[in-house]
Amino acid sequence: SYGSVFTHAKAGMENVDRERVARVVYDATVGTPHHENETRKERATSKRIAAMKAKGQGMTKTEWETFGRRADERARAMERTRSGARKWLVVDMDGFYAACEELYDPALKSVPVGVAAGPSSVLTTANYVARKYGVRAAMPGFIAKKLCPDLVFVKPDFKKYVKASNESRGVFAQYNPDYIAGSLDEAYIEVTEYCEKHDTTMEAIAEEIRSKVKEATGGLTCSVGGGCSRRLAKVCSDFNKPNGQYILGTTRDDILKFLRDLPVRKMYGIGKTLERILNEFDIKTCGDLLAKRATMLALFTPKAFDFLLGIALGIGTECHPRETPEGSGGRKGVSKSETFKATADKAYLDAKMTELATEVALECQRLNLKGRMVAVKLKRSTFDVIQRQTTLAGPTNDVKTIVNSALRLMRNENSIGANMTLRLVGA
DNA sequence: ATACATACC
DNA sequence: AACTGGTATGTAT
């Protein structure tokens with residue numbers, strides 16, 4: 001499991017000794033509750049795969065032919081929506097948090113750095129020196145330390161990141177004030193109009209943005225991808241990372257050529273589990289995905305099929321999310337959760353839940369939002385997650401209502417298993 | 001509507 | 001010994 005999470009290609013990790021990383025990670029974790037839980041989840045995925053395979057094997061030749069025809073029809077229908085008229089850029093800062101820290105302490109540039117709240121919590125970023133050892137974001141600190149004993153831990157300091165983020169956003173706004181901020185270190189910018197107006201190209205703008213961002217932030221580098229949809233621009237932003245750019249042509253031919261040998265895992269939305277499932281059906285690249293469209297139609301849900309076919313053809317929403325009904329809405333949820341030393345102490349858990357649910361209510365009030373549903377998340381010492389939710393009479397952001405609902409949901413579970421030991425609660 | 005899994009940064 | 005936190009969305013019932 002860890003193998004596929006921690007060793008799959010990430011910028012700066014091309015020459016990593018994957019075997020060593022897999023071994024170190026395994027040795028450090030085998031037998032732990034977390035590892036047991038991962039194994040349990042893997043077995044669930046295996047079951048899912050087995051069911052899909054059985055379904056496929058149970059189908060007659062005629063049924064397969066029908067799926068083949070219908071998959072072709074769907075592909076033709078999707079082709080009719082291909083336009084290629086828009087120009088999207090995605091800007092992604094390189095090793096953002098770590099790079100920000102290096103800005104304030106240049107000595108960090110030459111040593112392996114991991115940004116994490118503490119030496120045993122999870123890394124938010126690793127600098128490129130650390131990545132050579134296989135250390136990367138999302139890796140627990142104690143494993144990172146095993147891979148790279150000289151790793152220097154730096155605590156995250158969001159003030160630095162917000163400042164740099166705002167500086168970079170000042171640059172994006174010059175090209176389109178309606179850019180979409182993904183996170184602090186990522187943005188989607190539509191430059192169709194800008195290219196028209198200034199008679200320029202995505203390539204030229206990408207160069208400009210990279211140099212202006214470096215200037216505005218006092219030295220941070222970023223990578224830029226370009227294409228006719230957000231999805232394609234996004235993959236391209238990773239193609240020449242760090243401090244690089246890649247602009248994909250906008251014709252069908254350019255796109256299919258690019259996708260043919262591109263591993264499916266590179267695409268936004270395909271993670272470790274879906275990659276594993278697809279691999280089981282001999283689908284490794286986006287080209288394979290297109291070739292096996294009949295299999296996908298037969299075995300995946302309609303939504304999943306549309307998603308995968310869109311990836312295979314390189315067709316995705318080219319418009320701004322505000323132009324679609326779904327994208328026009330604002331925020332959909334507010335939550336707070338906290339991990340602590342596993343305990344069954346009801347008084348402690350009650351107090352924690354009260355504290356977190358209160359914060360959620362106050363955050364809703366601050367944002368002027370009301371919710372219709374309260375959900376709690378409990379994580380047992382065994383790492384399995386329990387989620388319970390309740391629908392309220394009407395939208396609210398009242399502290400008492402939210403706290404009481406959350407407590408009731410948690411107590412319901414607690415009364416079932418008297419020995420429930422939790423390591424996280426959230427609302 | 002509810003429970004839970006997956007994915008992203 | 002030790003594996004986050006926040007948000008969104010998909011799947012299954």
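Numbers restart at 1 for each chain; the letters A, B, ... are given by sequence-line order, proteins then strands. Basis for what follows: all heavy atoms, side chains included, without hydrogens, waters or symmetry-related copies.
A salt bridge does not link A:Lys272 with A:Glu275: none of the charged nitrogens is closer than 4.0 Å to a carboxylate oxygen.
With B:dC8, B:dA7, C:dT4 as the candidates, the nucleotide lying closest to the side chain of A:Val122 is C:dT4. Among C:dT9, C:dG6, B:dA7, the nucleotide with an atom closest to any side-chain atom of A:Lys332 is C:dT9. Checked against C:dA2, C:dG6, B:dT6, the side chain of A:Lys336 finds its nearest nucleotide in C:dG6. Counting only heavy atoms from C-beta on, A:Lys379 has its side chain closest to C:dT4 among C:dC3, C:dT4, B:dC8. When each of C:dC3, B:dA7, B:dA3 is scored by its nearest atom to the side-chain atoms of A:Leu274, the top-ranked nucleotide is B:dA7. Of the candidates C:dG5, B:dA5, B:dA7, the closest approach to any side-chain atom of A:Lys272 belongs to B:dA7. With distances taken from any side-chain atom of A:Thr339 to the nucleotides C:dC3, C:dG5, B:dA7, the minimum falls on C:dG5. Comparing atom distances between the A:Ser335 side chain and each of C:dG6, C:dC3, C:dA8 picks out C:dG6 as nearest. Closest to the side chain of A:Thr301, from the set B:dC4, C:dT11, B:dC9, is C:dT11. Of all nucleotides listed (C:dG5, B:dC9, C:dC3), C:dG5 comes nearest to the side chain of A:Leu424.
For A:Asp288, there are no salt bridge (Lys or Arg N to Asp or Glu O under 4.0 Å) partners two or more places apart in sequence or in a different chain. Judged as a salt bridge (Lys or Arg N to Asp or Glu O under 4.0 Å), and not counting sequence neighbours, the contacts of A:Asp178 are A:Arg322. Partners of A:Asp350 under the salt bridge (Lys or Arg N to Asp or Glu O under 4.0 Å) rule, at least two apart in sequence or in another chain, are A:Arg411.
Where A:Arg48 and A:Ala28 each meet DNA chain C at their nearest nucleotide, the meeting point lying more 5' is that of A:Ala28. For the pair A:Thr45 and A:Ser183, both in contact range of DNA chain B, the more 5′-proximal nearest nucleotide belongs to A:Thr45. Each of A:Ser120 and A:Glu363 lies near DNA chain C, and the nucleotide nearest A:Ser120 is the one positioned closer to the 5' end.
For the OP1/OP2 pair of B:dA5 and a distance below 4.0 Å, the side-chain nitrogens and oxygens of A:Lys41 include no atom meeting the criterion. One finds a side-chain N or O of A:Thr273 lying less than 4.0 angstrom from the OP1 or OP2 phosphate oxygen of B:dA7.
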Only distances under 3.5 Å count here; give the side-chain donor-acceptor pairs of residues 293-316 of chain A to other protein atoms, sequence neighbours excluded, each with its distance to 0.1 Å.
residue, atom, partner, partner atom, Å
A:Arg293, NE, A:Asp72, OD1, 2.9
A:Arg293, NH1, A:Leu290, O, 2.8
A:Arg293, NH2, A:Asp72, OD1, 3.0
A:Thr301, OG1, A:Ala304, N, 3.3
A:Asp306, OD1, A:Arg74, NH2, 2.6
A:Asp306, OD2, A:Arg74, NH2, 3.3

Please table the atom pairs, donor to acceptor, closer than 3.5 Å between any side-chain atom in residues 360-369 of chain A and protein atoms at least two apart or in another chain.
residue, atom, partner, partner atom, Å
A:Glu363, OE1, A:Arg366, NE, 3.3
A:Glu363, OE2, A:Arg366, NH2, 3.3
A:Gln365, NE2, A:Asn397, O, 2.8

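Distance CD1 (A:Ile143) to C1' (C:dT4): 13 Å, rounded to an integer number of Å. Rounded to whole angstrom, the span from the CD1 atom of A:Ile277 across to the P atom of B:dA7 amounts to 8 Å. In this structure, A:Leu184 atom CG and C:dG5 atom P are separated by 18 Å, rounded to whole Å. The CE-C1' distance, from A:Met373 to C:dA8, rounds to 12 Å in whole Å. Spacing between atom CG of A:Leu392 and atom C1' of B:dA1 amounts to 13 Å, rounded to whole angstrom units. Rounded to whole angstrom, the span from the CD1 atom of A:Ile386 across to the C1' atom of B:dC4 amounts to 11 Å. If you measure from atom CZ of A:Arg136 to atom P of C:dC3, you get 18 Å, rounded to the nearest angstrom. Rounded to a whole Å, the CG atom of A:Asp92 is 12 Å from the C1' atom of B:dC8.
Counting any heavy atom pair closer than 4.0 Å across all strands shown, A:Phe383 reaches sugar-phosphate atoms only and no base atom. Counting any heavy atom pair closer than 4.0 Å across all strands shown, A:Val334 reaches sugar-phosphate atoms only and no base atom. No engagement by A:Ser121 is indicated, since no non-hydrogen atom pair under 4.0 Å with the nucleic acid exists. Counting any heavy atom pair closer than 4.0 Å across all strands shown, A:Lys234 reaches sugar-phosphate atoms only and no base atom. At a threshold of 4.0 angstrom between heavy atoms, the contacts of A:Leu123 with the nucleic acid are absent. Within the nucleic acid shown, A:Arg372 has no heavy atom closer than 4.0 Å to any nucleic acid atom. Residue A:Met267 is classed as a sugar-phosphate contact, given heavy-atom separations below 4.0 Å to backbone atoms only.
Classified by interplanar angle (parallel below 30°, tilted 30° to 60°, perpendicular above 60°), the ring pair A:Phe258/A:Phe239 is tilted.
A gap of 16 Å separates the P atoms of C:dT4 and B:dA5, to the nearest Å.
Under the 3.5 Å distance criterion, with hydrogens and angles disregarded, no donor-acceptor pair is assigned to the side chains of A:Asp238 and A:Ser223.
Applying the ring pair (Phe, Tyr, Trp, His ring centres under 6.0 Å) rule to pairs touching residues 334-376 of chain A yields A:Phe340-A:Tyr348, sequence neighbours excluded. Each ring pair (Phe, Tyr, Trp, His ring centres under 6.0 Å) pair with one or both residues in residues 115-156 of chain A, not counting sequence neighbours, would appear here, but there are none.
Side chain of A:Asn127 to backbone of A:Val113: a donor-acceptor contact under 3.5 angstrom is found.
For DNA chain C, no neighbouring residue in residues 147-156 of chain A is found when judged by any heavy atom under 4.0 Å. Near DNA chain C, meaning a heavy atom under 4.0 Å away, the residues from residues 303-320 of chain A are A:Lys303, A:Ala304.
Close placement of the A:Tyr26 and A:His35 rings is indicated, their centers lying within 6.0 Å of each other.
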